[in-house]
Participant: 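Structure in structure tokens, see below.
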Amino acid sequence: MTGTDFAALLQPDRGQPARTIQVVPPDRFAAWLTAQPQRVRTAVAAHGLTGKAGDRAVLPAEAADDWSMLLVCDEPTSSPWRIASLGASLPPGTYRLADADAGAAALGWLLAQHRFDLYRKGDPSGPRVLLTTEPAVIEDTVRVATATARVRDLVNTGASDLGPAELEDAASALAQEHHATLSVTRGEALASGYPMIHAVGQAAVRERAPRLIELVWGDAAHPRIAIVGKGVVFDTGGLDLKPSTAMRLMKKDMGGAAHALALAGLVMAAKLPIRLHLLIPAVENAVAGNAFRPGDVLRSRAGLTVENTNTDAEGRLILGDALTRAGEEAPELILDFATLTGAARVALGPDLPPLFSDDEVLAADLLAAGATVHDPLWRLPLWDGYDEMLKSDIADMVNAPDGGFAGAITAALFLRRFVPKGVPWAHMDVFAWRPAAKPGRPKGGDAFALRACYQLLKTRYAAR
């Protein structure tokens with residue numbers, strides 16, 4: 001969806017003319033300044049810089065029309081966000097870092113220049129090109145920037161322009177691009193085969209009817225990996241109607257699907273040696289005379305019955321059927337993304353998605369991958385002692401326990417009941433939204449745990 005040409009913004013350094021960016025850590029600022037010529041020291045003094053993180057100045061060079069840029073930064077060299085603030089603010093032109101390569105910071109440079117412009121004119125300024133002495137990393141950096149922008153664009157799009165059909169279109173475009181196979185289950189086949197997906201989405205108008213979107217790609221001989229994303233394109237809360245303040249951002253409730261689409265695109269673009277199975281249950285949780293009700297007992301694809309105690313706990317219902325479908329193909333690994341619970345935000349805030357997994361190796365590998373690429377997760381327990389909270393007096397389970405205790409954990413425990421035993425599975429309860437801007441990361445839709453999961457898959461499978 002993005003119109004940003006990321007490939008044009010990151011180019012090999014062949015010695016072409018470029019302005020220099022000098023990145024100085026705060027603890028080295030005094031020594032750096034002492035070593036500079038008088039004209040630079042004068043310019044720094046004129047700007048009133050003291051060497052604290054965030055200080056910046058345009059520095060004069062020997063030639064009258066030449067200059068370089070100073071940035072005092074306390075971000076580590078491995079951080080993608082090290083020079084992101086400059087990627088959005090420098091004049092158009094070509095730049096290189098002094099005394100070092102851009103490295104991981106190239107990603108932040110690219111993403112700082114991404115704009116969601118579906119509803120307004122794009123950035124009129126020209127591109128800011130960064131040079132790198134490591135051309136081998138350009139392709140993958142551009143891939144990750146494109147995937148992140150895909151998440152942002154999908155989440156930022158209003159629900160009037162993005163329903164289940166448009167999620168299907170996005171999956172279809174990916175399938176065509178990478179020669180994958182797309183299948184969609186809807187109508188009577190959905191009602192009989194995926195009854196919880198159907199129940200959640202049945203109140204929507206016909207043009208926004210529920211469906212299960214599946215994409216399959218890769219050599220059937222390769223390890224099978226399932227990626228599942230919650231695709232609630234708008235969540236009113238159903239008959240347990242949300243208040244207006246809580247409904248304001250519910251266009252982002254398909255953020256899990258956006259992450260799943262983006263990760264699938266990364267896997268296919270990188271040609272990882274896996275058999276990919278992407279599953280997106282796409283629904284609108286609407287209010288109408290035929291909306292599913294509190295107290296309804298829903299049958300699931302797995303055969304379990306679920307007493308619906310809250311129509312606003314619909315995401316776990318549609319994921320239950322999708323996870324069941326994923327497990328039927330005996331995958332080696334299942335990853336799911338979902339904007340599932342407000343409890344996760346209360347516990348960890350907007351920037352840190354909780355990770356749930358019963359597989360110790362998978363959990364450790366995901367945490368390590370997130371640390372490597374500065375895309376952190378925090379593991380929360382699948383605490384067996386809370387499983388009894390899902391008990392129902394009339395069905396196999398409830399979807400939302402009374403009381404609200406441990407809401408993120410009980411939601412994950414609900415999902416676990418639909419994952420085949422013995423299959424490594426990780427659930428990421430992502431927010432998919434950034435409430436305040438940071439360098440390279442504007443306010444609005446954003447990707448969380450996407451780069452961590454991609455790093456995991458590359459580490460596990462690229463070398464095979």
Participant: Any ring-ring contact (aromatic ring centres under 6.0 Å, His included) involving residues 335-380? Give me the pairs, sequence neighbours left out, ordered by first then second residue.
Facilitator: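 Qualifying pairs: H259-F337, F356-H427.
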
Participant: Please, which pairs that meet salt bridge (Lys or Arg N to Asp or Glu O under 4.0 Å) have at least one residue in residues 226-236, sequence neighbours excluded?
Facilitator: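 As it turns out, the salt bridge (Lys or Arg N to Asp or Glu O under 4.0 Å) pairs with a partner in residues 226-236, which skip direct neighbours, are K230-D253, K230-E314, D235-K242.
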
Participant: What do the steps show when you test D219 against R275 for salt bridge (Lys or Arg N to Asp or Glu O under 4.0 Å), and what is the final call?
Facilitator: CA-CA 6 Å; D219 190 333; R275 178 71 162 174; over 6 Å; no

Participant: Indicate yes or no for a side-chain donor-acceptor contact from N285 to the backbone of T311 under 3.5 Å, with no hydrogens or angles considered.
Facilitator: yes

Participant: Ignoring hydrogens and angles, tell me if any N or O in the side chain of D429 forms a donor-acceptor pair with the backbone of L340 under 3.5 Å.
Facilitator: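 Yes.
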
Participant: Listed by chain and number, what are the salt bridge (charged side-chain N to carboxylate O under 4.0 Å, His left out) partners of D240, not counting sequence neighbours?
Facilitator: none

Participant: When you measure from the side chain of E166 to the backbone N and O of G163, does any donor-acceptor pair fall under 3.5 Å?
Facilitator: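 The answer is yes, because a donor-acceptor pair under 3.5 Å joins these two groups.
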
Participant: Could you give all pairs that pass the salt bridge (Lys or Arg N to Asp or Glu O under 4.0 Å) test and reach residues 279-299, with sequence neighbours left out?
Facilitator: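 Output for this query lists R208-E284, R293-D296.
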
Participant: Do any N or O atoms from the side chain of D117 and from the backbone of R120 form a donor-acceptor pair under 3.5 angstrom?
Facilitator: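 Flag not set: sc D117 to bb R120 has no pair under 3.5 Å.
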
Participant: Residues in salt bridge (charged side-chain N to carboxylate O under 4.0 Å, His left out) with E214, at least two apart?
Facilitator: R325

Participant: Checking R379 now: which residues fulfil salt bridge (charged side-chain N to carboxylate O under 4.0 Å, His left out) with it, not counting sequence neighbours?
Facilitator: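 With neighbours one apart ignored, the set is E360.
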
Participant: Check E168 with R186, please: is the shortest side-chain N to carboxylate O separation under 4.0 Å?
Facilitator: yes

Participant: Could you tell me which residues satisfy side-chain hydrogen bond (donor to acceptor under 3.5 Å, both in side chains) with Y454, sequence neighbours excluded, listed by chain and number?
Facilitator: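 Y454: side-chain hydrogen bond (donor to acceptor under 3.5 Å, both in side chains) contacts with D140.
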
Participant: Salt bridge or not for D55 and K52, using N-O below 4.0 Å?
Facilitator: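 So D55 pairs with K52 through a salt bridge.
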
Participant: Name all residues meeting the side chain to side chain contact (heavy atoms under 4.5 Å, CB included) criterion together with A203; count only those two or more places apart in sequence or in a different chain, and write none if there are none.
Facilitator: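 Result, side chain to side chain contact (heavy atoms under 4.5 Å, CB included) vs A203: A286, A288, N290, A291.
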
Participant: With sequence neighbours left out, write down each residue that passes side chain to side chain contact (heavy atoms under 4.5 Å, CB included) with A400, or none if nothing qualifies.
Facilitator: T309, N310, A313, R316

Participant: Test of understanding: with side chain to side chain contact (heavy atoms under 4.5 Å, CB included), list the residues that count as partners of V373, not counting sequence neighbours.
Facilitator: D375, R451, Q455

Participant: Which residues pass the ring pair (Phe, Tyr, Trp, His ring centres under 6.0 Å) test with Y194, sequence neighbours left out?
Facilitator: none

Participant: Under the rule for ring pair (Phe, Tyr, Trp, His ring centres under 6.0 Å), what residues qualify as partners of F418, not counting sequence neighbours?
Facilitator: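 Per chain and number, F418 pairs via ring pair (Phe, Tyr, Trp, His ring centres under 6.0 Å) with F414.
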
Participant: Between the side chain of S357 and the main-chain N/O of W425, is any donor-acceptor distance below 3.5 Å?
Facilitator: yes

Participant: For D402, is the CG atom crowded, meaning more than 12 foreign heavy atoms sit under 6.0 Å from it?
Facilitator: no

Participant: Under 4.0 Å between a side-chain nitrogen and a carboxylate oxygen: does that hold for R441 and D351?
Facilitator: no

Participant: Taking 4.0 angstrom as the limit, do R301 and D321 come out as a salt bridge?
Facilitator: no

Participant: Answer yes or no: is there a donor N or O on one side and an acceptor on the other, between the side chain of N156 and the main chain of R152, under 3.5 Å?
Facilitator: yes

